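Atoms considered below: every heavy atom in the structure, side chains included; atoms not considered: hydrogens, waters and symmetry mates. Just so it is clear, the structure is predicted and the values come from calculations on it, not from any experiment.
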Amino acid sequence: IKSITLNDAQYKQEYLCEPLSLQSLIRPEDYDAIALWDVLEAPDPSHAYNPLHVGIDVGRTHDKTYAWFFEEWENTKATNEYDRYDYKVIAVKEIHNQTIPQQWAILSPMLHHPSVSSIAIDQGTVGRSLADLVLEHFPFALMLSFTAPLKAKMAERVNGYVQYKRVSMPNNRPEIREDILAMRRQVGKTGNVIYDGNTAHSHCDAFWSCAMALEAANRQAGVTMVA
C-alpha cells in the first residue's frame with residue numbers, strides 16, 4: 001500500500017490516521033537535497049531529448065503563465081511500475097502580461113519540439129483560450145480543470161517525487177525555488193485540506209506547471225497513484 005501512495009505524509013494520513021501537518025508542502029532541505037540543474041527558458045531546438053512532458057499553468061495579468069518541461073529518464077533500479085521513470089527539468093518558460101495570441105506565438109515553437117511527448121494545460125477561465133489553441137495543434141494534450149481532489153493529488157505527487165529524489169529542480173532560478181517552497185497545506189473554511197501559496201512574484205504558478213507536467217507524464221505512462 002505504501003508503495004502506491006503519493007508520499008509518506010499521505011500514507012500516514014490515510015492509513016496510520018495521522019493528520020497532515022499544515023505547513024510548507026516541500027521543505028527547503030528536501031529541495032536542496034535533490035539534483036539541481038541550470039535550466040533554459042526553452043528546449044534546445046537542435047537537441048534530441050528523451051520524451052519531454054510539458055505542464056502549462058496559464059495566467060494573463062496578475063498571474064503568470066509558466067511552461068515546465070520535464071525530460072523522462074528510465075529508473076534502472078525500479079522495482080515496479082510506480083518508480084519506472086524519473087524526471088529532469090530542462091526548461092521553464094515564464095510569460096507575464098501577454099495576450100493569449102502573444103503567449104501562443106511564444107509557446108508554439110517550444111511545443112512543436114519533436115521530443116515533446118505529452119502536454120497538460122490548465123483550461124480554467126483564463127486558460128481556456130490558450131488551451132483550445134494547444135488542443136487544436138496537439139490533439140493528445142490533456143485539458144485539466146483544477147478541482148480540489150485533482151489539486152491535492154498533483155501537489156502531493158510533487159512532494160513525493162521530491163522526497164524520493166525522483167525529480168530534478170532548477171538551480172539557477174531562485175524565484176522558482178521560492179515558488180515551489182511557498183506551496184502550503186492549509187485548512188479551508190469547511191475543514192478540508194487545501195493547497196495554496198503566494199510569493200511576492202507569483203501565486204505558485206511555477207509549482208502548478210511542474211505538477212501538471214508530472215500529471216501528463218504519469219497519465220501517459222499509465223501509472224495510477226492512490227489519491
Side-chain angles (χ1 to χ4, degrees), residues 39-43 45 49-72 85 87-158 161 167 169-170 173 176 179-180 183 195-197 202-225 227:
V39 299
L40 305 171
E41 289 203 349
Y49 296 94
N50 294 334
L52 294 180
H53 304 283
V54 189
I56 306 172
D57 187 53
V58 184
R60 177 58 183 88
T61 51
H62 175 65
D63 291 335
K64 299 176 181 178
T65 292
Y66 276 93
W68 189 292
F69 293 79
F70 268 132
E71 184 179 20
E72 177 183 294
Y85 301 114
Y87 300 97
K88 174 184 176 181
V89 59
I90 56 100
V92 180
K93 180 61 179 177
E94 173 189 319
I95 304 172
H96 185 218
N97 201 23
Q98 299 286 316
T99 66
I100 294 302
Q102 288 171 328
Q103 293 191 38
W104 171 245
I106 294 169
L107 292 174
S108 178
M110 305 180 198
L111 299 179
H112 278 92
H113 192 291
S115 296
V116 168
S117 180
S118 71
I119 302 169
I121 183 168
D122 160 32
Q123 64 166 348
T125 304
V126 174
R128 186 55 191 255
S129 296
L130 184 58
D132 285 343
L133 284 169
V134 170
L135 188 63
E136 179 182 345
H137 291 81
F138 304 96
F140 60 85
L142 181 63
M143 309 275 275
L144 296 179
S145 298
F146 275 4
T147 63
L150 178 61
K151 290 182 73 172
K153 182 181 75 169
M154 292 197 303
E156 292 294 348
R157 179 190 283 120
V158 174
Y161 270 73
V167 290
M169 286 286 177
R173 303 277 292 276
I176 293 180
D179 193 286
I180 297 295
M183 180 57 62
Y195 297 81
D196 201 2
S202 171
H203 190 64
C204 287
D205 308 311
F207 178 95
W208 289 118
S209 67
C210 171
M212 284 189 283
L214 285 177
E215 177 74 8
N218 275 257
R219 291 208 193 185
Q220 186 181 76
V223 177
T224 304
M225 308 296 285

Test item: [X] side-chain N/O and [Y] main-chain N/O as donor-acceptor pair under 3.5 Å:
| X | Y | result |
| --- | --- | --- |
| Arg173 | Val92 | yes |
| Gln103 | Gln98 | yes |
| Ser209 | Ala206 | yes |

Worksheet item: So among Cys210, Ser118, Pro51, which one has a side-chain contact (heavy atoms from CB on, under 4.5 Å) with Phe70?
Response: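 The side-chain contact (heavy atoms from CB on, under 4.5 Å) with Phe70 is passed solely by Cys210 among Cys210, Ser118, Pro51.
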
Practice prompt. Please state whether the rings of His137 and His112 are parallel, tilted or perpendicular, taking 30° and 60° as the class boundaries.
Written response: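 Ring orientation of His137 relative to His112: perpendicular.
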
Worksheet item: Between Phe146 and Trp208, how do the two ring planes meet: parallel, tilted or perpendicular, split at 30° and 60°?
Response: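 Phe146 vs Trp208 ring planes: tilted.
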
Within the 4.5 Å heavy-atom criterion, are [X] and [Y] side-chain neighbours or not?
| X | Y | answer |
| --- | --- | --- |
| Met143 | Ile121 | yes |
| Arg128 | Asp132 | yes |
| Asp196 | His203 | yes |
| Leu111 | Ile119 | yes |
| Val158 | Met183 | no |
| Thr65 | Ile106 | no |
| Pro43 | Ile90 | yes |

Worksheet entry | Ser117 and Gln220: CA distance, side-chain angles, deciding distance, side-chain hydrogen bond (donor to acceptor under 3.5 Å, both in side chains) verdict | CA-CA 9 Å; Ser117 180; Gln220 186 181 76; 2.8 Å; yes

Quick one: pull up [atom1] in [X] and [atom2] in [Y] and give me the separation to the nearest 0.5 Å.
| X | Y | atom1 | atom2 | value |
| --- | --- | --- | --- | --- |
| Ser202 | Lys64 | OG | NZ | 6.5 Å |
| Leu135 | Leu142 | CG | CG | 10.0 Å |
| Glu72 | Tyr87 | CD | OH | 5.0 Å |
| Asp122 | Asp63 | CG | CG | 9.5 Å |
| Lys151 | Leu144 | NZ | CG | 12.5 Å |
| Glu94 | Asp205 | CD | CG | 9.0 Å |

Worksheet entry | Centroid-centroid distance, Tyr66 to Trp68, less than 6.0 Å |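 When the ring centroids of Tyr66 and Trp68 are compared, they turn out to be at least 6.0 Å apart.
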
Discussion item. Just checking Phe69 against His113, ring centres under 6.0 Å apart?
Written reply: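 Between Phe69 and His113, the centre distance exceeds or equals 6.0 Å.
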
So which heavy atom on [X] is nearest to which on [Y], and how close?
| X | Y | answer |
| --- | --- | --- |
| Met212 | Ile56 | CE-O, 2.9 Å |
| Ser145 | Leu150 | O-CD2, 3.4 Å |
| Ile176 | Pro170 | CG2-CG, 3.9 Å |

Worksheet item: Can you list the steps and then say if Arg60 with Thr99 is a side chain to side chain contact (heavy atoms under 4.5 Å, CB included)?
Response: CA-CA 7 Å; Arg60 177 58 183 88; Thr99 66; 3.6 Å; yes

Discussion item. Could you check whether Tyr85 and Asn50, counting side-chain N and O atoms only, form a donor-acceptor pair closer than 3.5 Å?
Written reply: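 Tyr85 and Asn50 do not have a side-chain donor-acceptor pair below 3.5 Å.
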
Discussion item. Please determine whether side chain to side chain contact (heavy atoms under 4.5 Å, CB included) holds for the pair Val134 and Trp104, giving the CA-CA distance in whole Å, both sets of side-chain angles, and the decisive distance to 0.1 Å.
Written reply: CA-CA 8 Å; Val134 170; Trp104 171 245; 3.9 Å; yes

Item to complete: Assess whether side chain to side chain contact (heavy atoms under 4.5 Å, CB included) is satisfied between Leu133 and Leu107, documenting all intermediate values.
Response: CA-CA 11 Å; Leu133 284 169; Leu107 292 174; over 6 Å; no

